[in-house]
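Worksheet: the structure to be examined is printed underneath.
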Number of protein chains: 2
Amino acid sequence: MAERGAYAKGVVRREEILAAALDVFSREGYRGTSLRDIAKQVGVSLPGLMHYFDSKEHLLTAILQKRDQVDAEAHPADGDFLDGLLVIMRHNRDVPGLVQLYITLAAAAEDPSHPAHAFFIERFAFLRLTLAEVIRDRQSAGMARADLDPEHVARILIAVADGIQIQWALDRSVDMAGDIERLWDAISS
Amino acid sequence: MAERGAYAKGVVRREEILAAALDVFSREGYRGTSLRDIAKQVGVSLPGLMHYFDSKEHLLTAILQKRDQVDAEAHPADGDFLDGLLVIMRHNRDVPGLVQLYITLAAAAEDPSHPAHAFFIERFAFLRLTLAEVIRDRQSAGMARADLDPEHVARILIAVADGIQIQWALDRSVDMAGDIERLWDAISS
DNA sequence: GTCTATAAGTCGATAGAC
DNA sequence: GTCTATCGACTTATAGAC
């Protein structure tokens, strides 16, 4: 990895590879694709790929991190963070491979030694904190019942978002964003 | 597989192996364990294992099916099916390996050629149907708001159950059954 | 029907030349 | 920094004794 040798060229090349890998996983599905396949589609050799990523698990984790970063930039919320989450859920219909990768890695990340372990813990903590804040704001604005527990509802919304992706992966007619929206309507009024 | 040769002895042995494998996965975690390891822990040889199961994916799918069957028998609902689901969620705290296996296989089952594909589609269809019926019964009994859409709420409850398991796997202090119960309280009154 | 033994292919990961 | 070549471990799968 580029530790103190974080020279411009190395960082740029790594970002290029990451962007290409993200694109591959977005279009094609993630079906336990081998590193050789990824390297070929990205346009580097297998050791060329592993020069920038310590292991397959590290690469997959970096792809998910990059995805979050790209999503946040490409889909700025026109409302609050919950609105933004719905926009991303709608966008997820176009990237089934990333949805599958996300769930697979979330399950594997249970192991504390997995590279994605810290990523998911921090991700969930951030989502809980940010969503709870949104709920509090909506309560203040009279847009939600005052007796809702913001922390609890935040956790539930995250769980629904993850769980509904599993159902959508098996049946593409599931309306992920719509179902979350309807849940919010039912819970907030 | 025991197709038309479903002789008593073969079926019994298969069930023994399945029960042993279920026990192994319940106690130990599922961390991409090899078939050789499973065979060793179950007490058979690798070909002995593969005589009863066509592939690793078939074995893992059979383990999940067996789990559902065992759960249904071991944890009879003292109330309706939703109460029963909460009982199973509480029991899930004791079998982290099965929780991880369930999520991992659910993600992999997106592929229509995966042995677990049909299993998960049928499982979700059964859960939706049964839970929607419970919700209708509770509405009739005046235990839930009449304006709830039973099919929608059923899908949401399944999603929350799956999604909350991901969060629990990363943070064992999460109260899976309690969070679902509180969601129902918020949604039904 | 169940075992021991083993083969063929592919995986992630690494060594070493340039 | 990128390649060729290769390693050990894993997978599925089969042959053949009992």
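Sequence lines set the chain letters: A, B, ... in the order given, protein chains first and strands last, and positions in each chain run from 1.
For A/Glu133 and A/Arg128, the salt-bridge test fails: no basic side-chain N is under 4.0 Å from an acidic carboxylate O.
A/Gln139 and A/Arg145 form no side-chain donor-acceptor contact under 3.5 Å, judged by distance and modelled atom types alone. Side-chain atoms of A/Asn92 and A/Tyr102 form no donor-acceptor pair, as typed in the model, at a separation below 3.5 Å. For B/His58 and B/Thr61, the side-chain atoms include no donor-acceptor pair closer than 3.5 Å.
An OP1 or OP2 oxygen of D/dG1 is reached within less than 4.0 angstrom by no side-chain nitrogen or oxygen of A/Tyr52. At least one side-chain nitrogen or oxygen of B/Lys56 sits closer than 4.0 Å to the OP1 or OP2 atom of D/dT11. The phosphate of D/dT11 (OP1 or OP2) has a side-chain N or O of B/Ser34 nearer than 4.0 angstrom. Considering only side-chain N and O atoms, B/Ser55 lies nowhere under 4.0 angstrom from the phosphate OP1 or OP2 of D/dT12.
Looking at A/Pro96 and B/Glu110, their side chains come closer than 4.5 Å, going by heavy atoms from C-beta outward.
Checked against C/dC11, D/dT2, D/dT12, the side chain of B/Leu35 finds its nearest nucleotide in D/dT12. The listed nucleotides are C/dA15, C/dT2, D/dT14; the one nearest the side chain of B/Arg13 is C/dT2.
The base of C/dG12 lies close enough to the side chain of A/Arg36 for a donor and an acceptor atom to sit less than 3.5 Å apart.
Here the C1' atom of nucleotide D/dT2 and the CD1 atom of A/Ile17 are 10 Å apart, to the nearest Å. For A/Ile38 and C/dC11, the CD1 to P distance is 11 Å, given to the nearest whole Å. D/dC10 atom C1' lies 16 Å from atom CZ of B/Arg31, rounded to whole Å. As a whole-Å value, the separation of A/Lys40 NZ from C/dC11 C1' is 14 Å. To the nearest angstrom, P of D/dA13 lies 13 Å from CG of B/Leu49. Nucleotide C/dG1 holds its C1' atom 15 Å from the CZ atom of B/Arg14, rounded to whole Å. A straight line from CZ of B/Phe53 to P of C/dT2 spans 12 Å, rounded to a whole angstrom. The NE2 atom of B/His51 sits 14 Å away from the C1' atom of D/dT14 (whole-angstrom rounding).
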